[in-house]
Visitor: 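Have a look at this one before I ask anything.
Each chain gets a letter, A, B and so on, in the order the sequences are listed, and its residues count up from 1.
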Amino acid sequence: MLSCKSLLSQTINKKRKKNKSKNKNKNSSTRFSKKHNLVSKKQNYEEEEEDCEEGFNFKTSAAPSHTHGVQPLGNLYINPGSINSRNTGLGNLQTLTDELVLDILGLLGGTHLGVLATVSKSFYVFTNHEPLWRNLVLENMNAGFLYNGSWKSTYVAACYPSFDVSSVDVSGLRVRDFYSDYLFQSWLCANLEMKPEWLQRDNIIRRKGISVEDFVLNFEEPNKPVLLEGCLDNWVALQNWDRDYLLQLCGDVQFAVGPVDMKLQEYFRYADQVMEERPLYLFDPKFAEKVPKLGSEYEVPVYFREDLFGVLGNERPDYRWIIMGPAGSGSSFHIDPNSTSAWNAVIRGSKKWILFPPDVVPPGVHPSPDGAEVACPVSIIEWFMNFYGATKNWEKKPIECICKAGEVIFVPNGWWHLVINLEESIAITQNFVSRRNLLNVLDFLKHPNANALVSGTRDRVNLHDKFKNAIETSFPGTVDQLVQKAEEKKAQQKQSFWDSVTDSKVGAFKFSF
Amino acid sequence: MSSVKKVTLKSSDGEIFEVEETVAMESQTIKGLIEDDCADNAIPLPNVTGHILSLVIQYCKEHTSSSDSNSSKSNEKLKAWDTQFINVDLNVLFDLIMAANYLNVKGLLDLTCQTVADMIKEKTPEQIRAMFNIVNDFTPEEEEEVRRENAWAFEISLKNNNVVDTFEVEESMAKELQTIKNMIEDNYTDSVIPLHNVTSDILELVIEDCKKHVEAAESESEPSYSLASKLIDDPLKA
């Protein structure tokens, strides 16, 4: 959660980014007054002094302040004598934290929330918290829904068709004297653009037209990421895949969008209107089965053709996805499952990538001891706001880049990565196992908790044995060869270790067991 | 002498509790402290009073022993115990929520939050305000606007058999029908009331009739009877 201090010292700039493609938002932001509730009188003095770097950039179609006038708690402290209508309106419930109040509201149905909204201004604001309605929609309408400007509106329009949703004022009531960090932060993250300084660092190695041997030797073997240019030049997808083409080809097809399925046209409708902290992401592992033409209009870049899970045929885990999402959608920090490596090719739009090597846990991320779960409690934008700055001073800086249309990034196995779409983007990604990471994968599958971790398979229990046997059948002796090689390598490394002990340079040497 | 490991917990008001380790570990917060070897001395819990802590410990005791294979506590019995346990003052309930959150006792947090949620369901705004000591701080214009925005939440849906025809009617009209009036007054939980014995076309007529009755009552003119409304209070035919 952003500290009160930094919120207060911010100025608010509205920048118009040329690349932004979305602006069909129904929320007419012109209706809101230009006056910013967030800036108190005291702040106005500080505005001139503030470095522009400190300012927030809002999305072009964002409102200048919270829809219902929610202010951060810090504002309460500089308005002496102000009461917080959050508390008076909650009654006995005011001692609970915002999160707990929302936990309770999360147990209620749509009608209960609607009734509760009329109880007090405070409840009005709380019950209009969009994530509550998003959950109701996703839980109750997993066969698809027509997004209608907001999640609440979507829910009401679907469940109460005779009620005229359009008759309701889109902006709703504005409430004064309501201070809440949680609700304010939630709105803030939903409306922020990426700051320029978050996009400045671009230190990934780029290569164009290298040979497969070069790639394997310099990147795949040493497990280093690289951005490859020019290897998608023959992709039909690069020319064809725009909105109109895709709608014509498969607008009616159901695709996997987070926890639900949606028709492509429904998804585009949602993507055009939505403004939230964690937009739903279209991420479908069966796109080529659903629409064979899509599968035919791209091909695996030459560097990644060795694909050993292929020996499992239909029983292989999910391995290829089409990814579509609006600006702000993406994936927070994670390591790809099954110890596989991956490549990600951008067909339209652009993605910001941040990668950390396997032994460096990104700030703000908390993996469980066995690695089975990764807790990254904050959304992507919030991670940037709160943790990105820390990486500036780290010795082991992350690898960063912006991947644009026509470029492919190689994500080596075990690397932490975070991706955010800077504009509406379409991409293809595949995970793969080659001889370089075959042993890692087999090791991983042997883990007792592999059942839980292995994704995209139907029969998780036997995957290790099945895979090993299938490899032996198709590539006899390979595993043994690789094991031998690995042991040789280890033995070599051991020698140099002991060599260094006698080296006089080792003043800073220390044992660690 | 018991060989069972114990931990000492100290409440905000200085009360000391000696608790079996397995029981204390129902709290993920305390579990973490024990696993990090910070539990040799008394664990201070400045956010929980003695009264509330004793309740939390009671809950943990009951729920630890039930996961023990030797215990024969059935789910039903445990639920009954929970229902009894949670029958406390509202303020105590909120304190329990905060304590369960702070100590990270998932079962207790779920139970307490669900209890509050159940209190809110099916209540009118006035009842909710009375229950939680809430002041209605809307101006009359604001209240009307908010009510209009959420008018759909105040409607009762009547749904008939086979055909998924849902009729949304104002509560006042629906209460013209004694059967439905009783359901509403008994806090019928589903917002859609299924009427298996009535087909769409008949239901439409009935609703029309109710409308007329309500409007007539408001205008104090003589209501006229129709066949359909007479049917409702008799055993219905499919």
Side-chain angles (χ1 to χ4, degrees), chain A residues 68 83 85-97 99-125 127-128 152-153 155-165 167-178 369, chain B residues 35 89-98 100-102 109-139 141-157 166-169 189-192:
Chain A
H68 301 296
I83 34 144
S85 62
R86 171 212 186 263
N87 293 334
T88 49
L90 283 179
N92 298 57
L93 284 153
Q94 62 182 272
T95 48
L96 300 178
T97 61
E99 288 95 327
L100 286 172
V101 172
L102 289 170
D103 281 346
I104 294 172
L105 296 188
L107 300 168
L108 299 174
T111 19
H112 308 137
L113 290 177
V115 169
L116 208 49
T118 65
V119 166
S120 68
K121 287 190 192 174
S122 191
F123 269 114
Y124 175 77
V125 175
T127 55
N128 274 354
K152 180 173 177 182
S153 192
Y155 182 87
V156 174
C159 296
Y160 300 90
S162 61
F163 180 79
D164 186 9
V165 242
S167 71
V168 174
D169 189 12
V170 152
S171 51
L173 206 68
R174 285 187 76 76
V175 169
R176 278 197 313 209
D177 304 324
F178 187 104
Chain B
E35 285 171 353
D89 253 359
L90 210 55
N91 288 319
V92 175
L93 185 58
F94 292 144
D95 285 342
L96 277 174
I97 293 180
M98 306 262 271
N101 185 44
Y102 171 67
L109 187 59
D110 289 346
L111 175 65
T112 45
C113 285
Q114 187 65 54
T115 307
V116 179
D118 289 341
M119 286 173 150
I120 295 175
K121 290 181 185 178
E122 312 313 326
K123 296 278 193 316
T124 65
E126 294 81 24
Q127 289 170 321
I128 296 173
R129 288 189 199 116
M131 203 163 48
F132 297 125
N133 276 324
I134 297 169
V135 173
N136 180 359
D137 52 1
F138 288 119
T139 66
E141 298 82 29
E142 286 172 340
E143 183 154 12
E144 207 203 294
E145 192 187 325
V146 173
R147 188 63 158 75
R148 229 182 337 114
E149 229 179 80
N150 296 285
W152 50 270
F154 291 87
E155 288 175 353
I156 307 283
S157 295
T166 314
F167 298 85
E168 275 152 29
V169 285
T189 47
D190 205 328
S191 61
V192 178

Visitor: Does any backbone or side-chain atom of A:Asn87 lie under 4.5 Å from a heavy atom of chain B? Answer side chain, backbone, both or neither.
Guide: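 Contact with chain B involves no heavy atom of A:Asn87 at all.
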Visitor: I'd like to know whether the aromatic ring centres of A:His68 and A:Phe178 sit less than 6.0 Å apart in this structure.
Guide: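 No, they do not, as the ring centres are separated by 6.0 Å or more.
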Visitor: Counting only non-hydrogen atoms closer than 4.5 Å, does A:Val156 touch chain B with its backbone (N, CA, C, O), its side chain (CB onward), both, or neither?
Guide: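 Only the side chain of A:Val156 comes within 4.5 Å of chain B.
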Visitor: Working to the nearest 0.5 Å, report the span between CG of B:Leu109 and CG of A:Asp103.
Guide: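 B:Leu109 atom CG to A:Asp103 atom CG measures 6.5 Å (nearest 0.5 Å).
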Visitor: Under 4.5 Å heavy-atom distance to chain B, tell me which part of A:Leu90 shows up: side chain, backbone, both or neither.
Guide: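 For A:Leu90, the backbone is the part near chain B, not the side chain.
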Visitor: Could you check whether the rings of B:Trp152 and A:Tyr160 sit parallel, tilted or perpendicular, using 30° and 60° as the cut-offs?
Guide: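 Tilted.
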Visitor: For residues B:Ile134 and A:Gly89, report the shortest heavy-atom separation together with the two atoms involved.
Guide: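 Here B:Ile134 and A:Gly89 meet closest at CG2-O, 3.2 Å.
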Visitor: Using 30° and 60° as the class limits, which term best fits the ring planes of B:Phe94 and B:Phe132: parallel, tilted or perpendicular?
Guide: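 It falls in the tilted class, 30° to 60°.
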Visitor: Let's test your reading of the structure: which of B:Asp118, B:Val135, B:Val116 forms the most heavy-atom pairs below 4.5 Å with chain A?
Guide: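 The answer is B:Val116.
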Visitor: Counting heavy-atom pairs closer than 4.5 Å to chain A, which one of B:Thr115, B:Asn101, B:Leu90, B:Asp95 comes out on top?
Guide: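 Looking at each option in turn, the highest pair count goes to B:Asn101.
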